[in-house]
There are 2 protein chains.
Amino acid sequence: MSTTSTSQTTPRRATITDVAREAGTGKTSISRYLNGETSALSPELRARIEAAIQRLDYQPNQMARGLKRGRNRLIGMLLADLTNPYSVEVLQGVEAACHALGLMPLICHAANEVEMERRYLQLLTTYRVEGVIVNALGVREETLRPVGSGGIPAVLVDRSVEGLVADIVGLDNRAAAELGTRHLLDGGFREIWFVVQPFEQVSSRRLREAAFREVMSTQPAAGVKDAQGHTLVLNLADPLQTERSLAELDRAIDAANSHAGTVGNAARVAVFAANAPVALRLALHLKARYGADWQARVALLSFDDPEWAELTGITTIRQPTYEIGYRAVEFLYERIEGVQTTARDCLLPGELIVRASTSR
Amino acid sequence: MSTTSTSQTTPRRATITDVAREAGTGKTSISRYLNGETSALSPELRARIEAAIQRLDYQPNQMARGLKRGRNRLIGMLLADLTNPYSVEVLQGVEAACHALGLMPLICHAANEVEMERRYLQLLTTYRVEGVIVNALGVREETLRPVGSGGIPAVLVDRSVEGLVADIVGLDNRAAAELGTRHLLDGGFREIWFVVQPFEQVSSRRLREAAFREVMSTQPAAGVKDAQGHTLVLNLADPLQTERSLAELDRAIDAANSHAGTVGNAARVAVFAANAPVALRLALHLKARYGADWQARVALLSFDDPEWAELTGITTIRQPTYEIGYRAVEFLYERIEGVQTTARDCLLPGELIVRASTSR
DNA sequence: CTGTTAGCGCCTTCAT
DNA sequence: ATGAAGGCGCTAACAG
């Protein structure tokens, strides 16, 4: 109720007008000072302005600046799942690039909820971000209508979105899947299970699975005979389905282990996880079923390189996550600056990190 | 090169003026509609406005609204280290609460760099966020001058900051450390090493270490005799120092294992990690040194409950991370709304999750 | 070199 | 029930 009698509440931040008054000059000069048009200011005036700013602890209001000049240096970073270390790593690259380019990333976490994704996109739009980097859930274009061709510039990360033409940067899934599969074949494995979450909706999963199948079906040409490849869908969102899938895998492992005539890796089944969450779920299950020494019966290879990989000794395909994030921002920045080329694809190579799991 | 020389660039978003014109009315009515002052609008006008908004795909500019009404519903969330799963989990709670309260969190990741922290704080301030939640690096007050008493409302998470009076929410470190230590003592361990990153600067680490030492020094009263407690500082930021510290631990483990007269857990040394990053580093080292069966010689107990804990079978103290984040936002919201009570402490209990590591 | 003026998109009295 | 006018904090022409 009290007016300005007591400065109990936060003592309103100083505005450019306050500074102008304090420095005994006009707002324009302050503005010029703020924008580094230092050449057009007498040293004397400049000093006065500096002092006034100091005294008032003045900090220009970005919102107002943004409103005026029509851009606020904000970009949105929409992440499907921060729980996945992949996301955090990409984020680091994004942050570094933003820092370098004078951008401020608004990080939004959809937590695997389509509804959240929609909501955040709308919010970003409303805050007039200059562009967005989207690590989308596996959804069709409609939910991200505001971005892309018609709306604000967008760059996709890891996954493309059906019907949305936009730059995309991510792993070279095809090459990486081949790398992994060949590593297993070269290691002597003859039964390989590719385990992946439902993949129809998510382009990266689709590509990985397809490349795996292709290598498996053409491998006779590479001198390998009678190797079998299977694809197993693991729906982590549904515990019941997950159980069923795991049971199927168990049967295969048990069967393989009971074959008498085989030795070495030919007797072990190899499991190729399409990403870290899948690998974790598999490892937990296998450990629960076969005990601490589960890797004696199963070899595990996984996309991503989570922090526990080294501890467990599983082989992985590490993605150049930092660079993915960095490049995404660079692409976006170009778009913001008006570059009009056709949609670009930036596929970065993965790195195979061989550990005990596949090389004993 | 361009067909329609006009709409080549993004077709400027519609403004409230456009909508007013389209609906054949004044800006005021549009504004009223947007703010739900539906009672003061004839159904007929309302319908026209609705239609106009649809047609123009109009979305009010939050920046402008914020500028005008002096608040933008933005809050800052400053995180010391997103790489630590703790942060991501807290974040989930923060997001949920923001969602519920109509706030939009600006997530800033300091990546363990004091300079970053300073920079982001300054940035948040210029964007005129209404408050900040700070999971600070271990720094003194000065770097976060803009917040707290003098500046915008702030709530601390996990760690207090010397010289800054503000609400704080986090784990009840004292109780949790006691819980863990007693668990080890009850399990028969007689040599316990508390391993922690440099803790002078970080209140939570300090509290944990102090509580550990206190329990160890008063335990004779609890009927336990001759148990030894040691504190080992592991400076993860410095590889060399880390090596040295680990070597010291190794010597202790080797010595304990060579004692003839002891059996069971009395022969194993227990290591109590002050957080997940420390636990991971320890586990990696121990595995490298003692092989896959390292837990036969060392029991590991850790604060935090990282995803690999179950896989490795180490005992942990899980923090109520989600709730911590949620409560932090609630506190902040109250402050934003003007609540003036003295600084509050919200200490939430941890949960001991016993696994094979400490119970074989 | 420096100040004046006119908005950016929106909300808010204050009239009508 | 509706609209006109002024201003939030700042920048960008224009003068001088």
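Reminder, nothing fancy here: chain letters follow the sequence lines and each chain counts from 1. Just the heavy atoms: all of them, side chains too, but no hydrogens, waters or symmetry mates, feed the values below.
Picking from D:dT2, C:dT13, D:dG9 the nucleotide with the shortest atom distance to the side chain of B:Ala40 gives D:dT2. Distance from the side chain of A:Lys68 is smallest for D:dC10 among the nucleotides D:dT2, D:dC10, C:dC10. With D:dC10, D:dG3, D:dC8 as the candidates, the nucleotide lying closest to the side chain of A:Arg65 is D:dC10. The listed nucleotides are D:dG9, D:dT11, C:dC10; the one nearest the side chain of B:Leu67 is D:dG9. With C:dT2, D:dA12, C:dC10 as the choices, the nucleotide that has an atom nearest any side-chain atom of B:Asn61 turns out to be C:dC10. Proximity note for B:Ile16 (side chain, C-beta onward) versus C:dG3, C:dC11, C:dT2: the nearest is C:dC11. For A:Ser42, whose side chain is taken as the heavy atoms from C-beta onward, the closest listed nucleotide among C:dC1, D:dT2, D:dA12 is C:dC1. The side chain of B:Ser29 approaches D:dT2 more closely than any other nucleotide in the set D:dT2, D:dC10, C:dT2.
Donor-acceptor pairing under 3.5 Å, judged by distance alone, is absent between the side chain of A:Ser31 and the base of D:dA12. Judged by distance alone with a 3.5 Å cut-off, a donor-acceptor contact links the side chain of A:Thr28 to the base of C:dT4.
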Verdict with supporting geometry, B:Glu130 and B:Arg335, salt bridge (charged side-chain N to carboxylate O under 4.0 Å, His left out): CA-CA 10 Å; B:Glu130 298 183 42; B:Arg335 293 298 184 188; over 6 Å; no
Chi angles and distances behind the side-chain contact (heavy atoms from CB on, under 4.5 Å) call for A:Arg118, A:Glu115: CA-CA 5 Å; A:Arg118 214 189 44 66; A:Glu115 178 52 25; 2.8 Å; yes
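Residues B:Leu82 and B:Val88 form a side-chain contact, since some pair of their non-hydrogen atoms from C-beta on lies under 4.5 Å apart. Residues A:Leu106 and A:Val129 form a side-chain contact, since some pair of their non-hydrogen atoms from C-beta on lies under 4.5 Å apart. Taking the side chain as every heavy atom from C-beta outward, A:Tyr33 and A:Thr38 never approach each other to under 4.5 Å.
Contact check, B:Thr25 against D:dG3: a side-chain N or O comes under 4.0 Å of OP1 or OP2.
Atom NZ of A:Lys27 and atom C1' of D:dA13 are 14 Å apart (whole Å). Counting to the nearest Å, the P atom of C:dG3 and the CD1 atom of A:Ile30 are 9 Å from each other. Between the C1' atom of C:dT12 and the CG atom of B:Asn35 lies a distance of 10 Å, rounded to the nearest Å. One interatomic measurement links the two molecules: CG of A:Asn72 to P of D:dC10, which rounds to 15 Å at whole-angstrom precision. Following rounding to the nearest Å, B:Arg71 (CZ) and C:dT12 (P) show an atom-to-atom distance of 10 Å. For A:Arg69 and D:dT11, the CZ to P distance is 6 Å, given to the nearest whole Å. Atom OH of B:Tyr33 and atom P of D:dG3 are 16 Å apart (whole Å). In this structure, CZ of A:Arg21 is placed 13 Å from C1' of D:dG9, rounded to the nearest angstrom.
Between A:Pro60 and B:Gly24, the residue anchored closer to the 5' end of DNA chain D is B:Gly24, taking for each the nucleotide with the nearest heavy atom. When each of B:Tyr58 and B:Arg32 is assigned the nucleotide of DNA chain C bearing its nearest heavy atom, the one mapping closer to the 5' terminus is B:Tyr58. With DNA chain D read from its 5' end, the first of the two nearest nucleotides for B:Ala64 and B:Arg48 is the one closest to B:Arg48.
As judged by a 4.0 angstrom heavy-atom cut-off over every strand, A:Ser39 is placed among residues touching the sugar-phosphate backbone only.
Residues A:Arg13 and A:Asp18 are not paired through a salt bridge, judged by the lack of any N-O separation under 4.0 Å between the basic side chain and the carboxylate.
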